[in-house]
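Everything below concerns the one structure shown next.
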Amino acid sequence: MLKTHTCGELRASDAGKSVTLSGWVNRRRDHGGLIFLDLRDRFGITQITVSDDPDLNLPDVTNPSSNGTNGSSTLEVASQIRSEFVVQVSGAVQKRPPGFENPELETGEVEVIASDLEILSEALTPPFVISGSQGDEVDEAVRLKYRYLDLRRPKLARNLRLRHEIVRFIRNFFYDRDFLEVETPILLKSTPEGARDFVVPSRMNPGRFYALPQSPQQMKQLLMIAGVERYFQIARCFRDEDLRADRQPEFTQLDLEMSFVEAADVMALNEEMLISLSAEVSDKPIQQVPFPVLTYDQAMAKYGIDRPDIRFGLELFEVTDFVRNSGFGVFKNAAAAGGIIKGIRYPQGASLSRKDIDGLIEYVKPYGAKGLAWIGITGEADANGNYPAESLRSPITKFLSEEEIAAIVAGAAADQGDLILLVADEPGVTNPALANLRLEIGARANLIDPNLLAFCWVVDFPLLEYDSQEDRWSAIHHPFTSARDEDWSILEQRPADVKAKAYDVVLNGWEIGGGSIRIHRSEQQMRMFQRLGLSESEVDEQFGHMLEAFQYGAPPHGGIAMGIERVVALFADAQSIREVMAFPKTSTGADLLLEAPSPVEDDQLAELHIAVREQEADPQ
RNA sequence: GGGGGCGUGGUGUAGCGGUUAGCAUAUCGGCCUGUCAAGCCGGAGGUCGCGGGUUCAAAUCCCGUCGCUCCCGCCA
C-alpha cells in the first residue's frame, strides 16, 4: 500500500506516529520557508507541513527511511506542487501547536511533518475549483465534460456516498426479509404500451431488434409464476422520452414483487423500509407516521395533482356549483362547457403589487390557464361577516353577486389580508395550473419547510384514461394492473369509473415510487387487453407469453418500483437527479464526457443490417 | 413538436450602439516560517458560442443556427 493511513483518520492520539499518506493536493499554502499542503483522499483532508527548519521535526521521532527525497529537499518538492497533484508523503504525526488547530477539519488537531515527499502524478490546472463549493456555480456542461473532476468535489463525492448508503440499506432490508435478488435481462422485447423503447439491432437476426427494459415488469411477474415469491432488484431502466430535471434516459429502480399479497401488504413493507431508511440517512423528521393515505380523487380535489407536497396546507377549493349561473361570463361559460372553477388562498397576498399578481398569471399560463381571477380582501367584514365592495380589491367582483362573493370567500376560508386566486377551465387545465400555483405560493410565502420529510400514499387511481389522439382507452399504470374486485363488472360499460389496485408513494411532492396488484388470471388479462383495443393477434404476438404463463398456476401477486435517483436526490437536497448520478446525460440525452451518441462505421451498420436515412429535408 | 432563460479571459460575472471590453477568482513570476479561501507585489491571459444582416460604428439591435438549462406536450 502506498499509504498507512487515510487522510481522514489521524487524531491527536496518533501524535508521534510515523505515517505515510497518499492523495490529491486540495490546496497549497506557500509561506516560502514553510509550506502547507492539504492532502485529500476519499476519507478526508490532512494538513501536511513542509519546512527545512529542523525545529519543526519532532526530535524523538526516528524515521530511517527519510533522507531527503531523492536529493531534493521536501521544501523544493513542495514548492513545485500544484492543486490536484497526486503525492505521497511520509512523516511524523504532530499535535499542532496550541492555537493553530483547525476545528473545520476532522483531522484539525494534528499535522504531518513531511520528511519524505514524492509527486506520484502531476495535474493540469483543473477547469474549475475542486475544493470547497465554488464549483457549484460552474456551468453544468463544463462539469459534465470533466465529470471525473466534478466527482472529486465534496458535494458530489458526498452524493455518491449517500447513494451507496441508501442502496446498501435497501439491499440489506430486503435480504433480511427473505427477498431473492434476481437479475433480469437488459435485452428484451419491444412492446407498444408505455414509453418509447430504446432499441438494439440484432446482428444474427436481420431486421429484428431487442428493446431495453422500461422496467423489468414482465420479468418480475414471470418470476412470481416461477415461484420466487419475494423478488427484488436494483434495476437499470431505459425510456426514450424527453428529459427533465427528474428524468434521465437511463435510471435505476428498486424493483420489487411479492406473491400472495394485497396492496396493504406491499405498502406496509415499503413504508417500514422508507421509515427506517429515513432514520438511517437523514436528520430530517418524517411529518406523519403512518404515512397519510389519500385517494386519487382526494389528492386531485385538495391539491390538483396526484403527487401532492403535503408539507404545507393551502388546499384548493371548488366553487363551480356556486358560480354556475354567475353574471361573470368566464365562470358561467367554463361551467357550461363541463369545466370547473377552483381556487387557492394566498395568505396575506391582498397587498401584492399588480406586477406580482401579473407574475402569478404568467406563472399559470404554461399549464393552459388563460388567466387568473383574483379577489384581494383589503378591508374589514361587515356585521354579517360579509366583505363589502370597498373591502375588496378585484377586477371581477363587479360581475359577481354578493352571494357568489361570500361563497368564494367562505370556500377559500379567507380573511382580511388574503388574496384569492381562481381558475375556470376544464379539469385538465384547472387542476395542474392550481397545483403548480400552490407550489409557487408556498415558495413565495415561505410555507415549505425544507427540513421535513412528508411522505404520503396515493391510492385508488383510475385504471384507464381515454387517449383522444388514438381514440382508445389506455392503462394509466400499465396493462397488468388489476382493477378493484368490485369494478371488474363495469370494465366494458364504464371504463372511466374503474379504479385500479394501484398505489404511489410521494415524498415532498415527488413521486418516488408506484406499484399495483397485478392481474394473475389469463382471462382477466385478456379482457384487459381487449379493453385497451388490442386485437387477438396483437395480444398473441406481444403478450402471448404472459397469457400462456398465467395458465400454468400464477399466484396472486403485486409489487412496487421506486426511483432510486429521486429518493437519493431528496435526501441529498439536490434539485436534479443528475446530481446523484455518477455519469448523467444532458437534457438532449448526450454524454458530454464520452461524446455519445456518436455515428458508427458503415461496416458496423452493414453487419447490423441497418441503413441510416438522411434527415428529412425541410419542406420549404 | 412547442415555449422561456442563459452563452463575454480557465471559471464566475459587469458592460446592452462609440469603453484601451471592467471586476473577482484561478493561473504564472517574485517576496514571505504558522497558514487553513494564507498574505503582499508584479505579469500573462478575450476571434464577447457560431453564421448572416442593420448601422458611419455591433459584445450590445435583428434573423438564423449550435450548445446547456427549465417548463408544456411526452413519460411512472
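Sequence lines set the chain letters: A, B, ... in the order given, protein chains first and strands last, and positions in each chain run from 1.
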* Indicate, with a heavy-atom threshold strictly under 4.0 Å, whether E137(A) touches base, sugar-phosphate, or nothing. => sugar-phosphate

* Hunt down the Watson-Crick or G-U wobble partner of C23(B), both distances under 3.5 Å, from any strand shown, or write none. => G12(B)

* To do: Given salt bridge (Lys or Arg N to Asp or Glu O under 4.0 Å), test E241(A) with R247(A) step by step and report yes or no.
  => CA-CA 9 Å; E241(A) 296 292 347; R247(A) 284 177 2 204; over 6 Å; no

* Asked: Quantified in whole Å, what is the P atom distance between nucleotide G17(B) and nucleotide A58(B)?
  -> 14 Å

* Structure fact -> As its Watson-Crick or G-U partner within any shown strand, both distances under 3.5 Å, A37(B) has none

* Report yes if the side chains of L360(A) and L421(A) come closer than 4.5 Å at any heavy-atom pair, otherwise no. => yes

Distance-only check: which donor-acceptor pairs under 3.5 Å involve side-chain atoms of residues 564-574 of chain A, not counting sequence neighbours?
unit_1, atom_1, unit_2, atom_2, d
E565(A), OE1, T252(A), N, 3.0
E565(A), OE2, R163(A), NH2, 3.1
E565(A), OE2, T252(A), N, 3.0
E565(A), OE2, T252(A), OG1, 3.2
R566(A), NE, D246(A), O, 3.3
R566(A), NH1, E511(A), O, 2.9
R566(A), NH2, D246(A), O, 3.3
D573(A), OD1, K284(A), NZ, 2.6
D573(A), OD2, K284(A), NZ, 3.3

* Paired with U60(B): which nucleotide, if any, by Watson-Crick or G-U wobble criteria at under 3.5 Å for both distances? -> none

* **C1' gap between C31(B) and U13(B), integer Å** => 31 Å

* If we take the P atom in both G10(B) and C28(B), what is their distance in whole Å? -> 15 Å

* Using a cut-off of less than 4.0 Å, is there contact between a side-chain N or O of R29(A) and OP1 or OP2 of A38(B)? -> yes

* To do: Using the six-membered ring wherever Trp is involved, compare the ring planes of F529(A) and F543(A) and label them parallel, tilted or perpendicular (cut-offs 30° and 60°).
  => parallel

* Structure fact -> In Watson-Crick or G-U wobble terms, with both distances under 3.5 Å, the base opposite U54(B) is none

* Asked: Hey, does E101(A) reach any base, or is it just sugar-phosphate, or nothing, if we go heavy atoms under 4.0 Å?
  -> base

* Pairwise C1' distance, C68(B) and G49(B) [rounded to whole Å] -> 11 Å

* Structure fact -> Paired to G42(B) by Watson-Crick or G-U wobble criteria (both distances under 3.5 Å) is C28(B)

* Gap in Å between the two C1' atoms, one belonging to U54(B) and one to U11(B), rounded -> 34 Å

* Gap in Å between the two P atoms, one belonging to A26(B) and one to C41(B), rounded -> 14 Å

* Asked: Could you state the OH-C1' distance from Y363(A) to G5(B), rounded to the nearest angstrom?
  -> 15 Å

* Encode nucleotides 68-76 of chain B as B, S and - characters from 5' to 3', where the letter depends on protein heavy atoms closer than 4.0 Å: B to the base, S only to sugar-phosphate, - to neither. => SBSSBBBBB

* To do: Give one of base, sugar-phosphate or nothing for G32(A), where a contact means two heavy atoms less than 4.0 Å apart.
  => base

* **Gap between atoms OH and P, on Y146(A) and U11(B) respectively (whole Å)** => 8 Å

* **Interatomic distance, E109(A) CD vs C36(B) P [rounded to whole Å]** => 19 Å

* **Modelled atom types, side-chain donor and acceptor of S190(A) and D197(A), under 3.5 Å** => yes

* E111(A) CD to U33(B) P, straight-line distance once rounded to whole Å -> 16 Å

* Structure fact -> To the nearest angstrom, the CG-C1' distance between L37(A) and U35(B) comes to 12 Å

* Asked: Angle class for the Y148(A)/Y146(A) ring planes (parallel below 30°, perpendicular above 60°, tilted otherwise)?
  -> perpendicular

* Check the distance between U27(B)'s C1' and F85(A)'s CZ and give it to me in whole angstrom. => 13 Å

* To do: Using the C1' atom as the reference point in each nucleotide, state the distance between U8(B) and G46(B) in Å, no decimals.
  => 8 Å

* Considering residues at least two apart in sequence or located in another chain, which fulfil the side chain to side chain contact (heavy atoms under 4.5 Å, CB included) criterion with L188(A)? -> P185(A), P213(A), M219(A)

* Atom C1', compared across C74(B) and G2(B): separation rounded to whole Å -> 12 Å

* To do: Assign Q134(A) to base, sugar-phosphate, or nothing according to its heavy-atom contacts below 4.0 angstrom with the strands shown.
  => sugar-phosphate

* Counting only side-chain N and O atoms of R28(A), is one of them less than 4.0 Å from OP1 or OP2 of U35(B)? -> no

* Asked: What pairs with E106(A) under salt bridge (charged side-chain N to carboxylate O under 4.0 Å, His left out), at least two apart in sequence or on another chain?
  -> R11(A)

* To do: Write down the distance between CD (Q47(A)) and C1' (A37(B)), rounded to a whole number of angstrom.
  => 14 Å

* Remember a base hit wins even if backbone is also touched, and classify V138(A) as base, sugar-phosphate or nothing at under 4.0 Å, heavy atoms. => sugar-phosphate

* How would you label the contact of D30(A) with the nucleic acid (heavy atoms, under 4.0 Å): base, sugar-phosphate, or nothing? -> base

* **Contacts of type salt bridge (charged side-chain N to carboxylate O under 4.0 Å, His left out), residue D460(A), not counting sequence neighbours** => R484(A)

* Would you mind listing every side-chain hydrogen bond (donor to acceptor under 3.5 Å, both in side chains) that reaches into residues 588-599 of chain A, with sequence neighbours excluded? => T586(A)-T588(A)

* To do: Kindly say whether, by distance alone, the side chain of R96(A) makes a donor-acceptor pair under 3.5 Å with the base of C36(B)?
  => yes

* Asked: Can you check the L34(A) CG to C31(B) P distance for me, whole Å?
  -> 16 Å

* F128(A) near the nucleic acid: base, sugar-phosphate alone, or nothing, with a heavy-atom cut-off under 4.0 Å? -> nothing

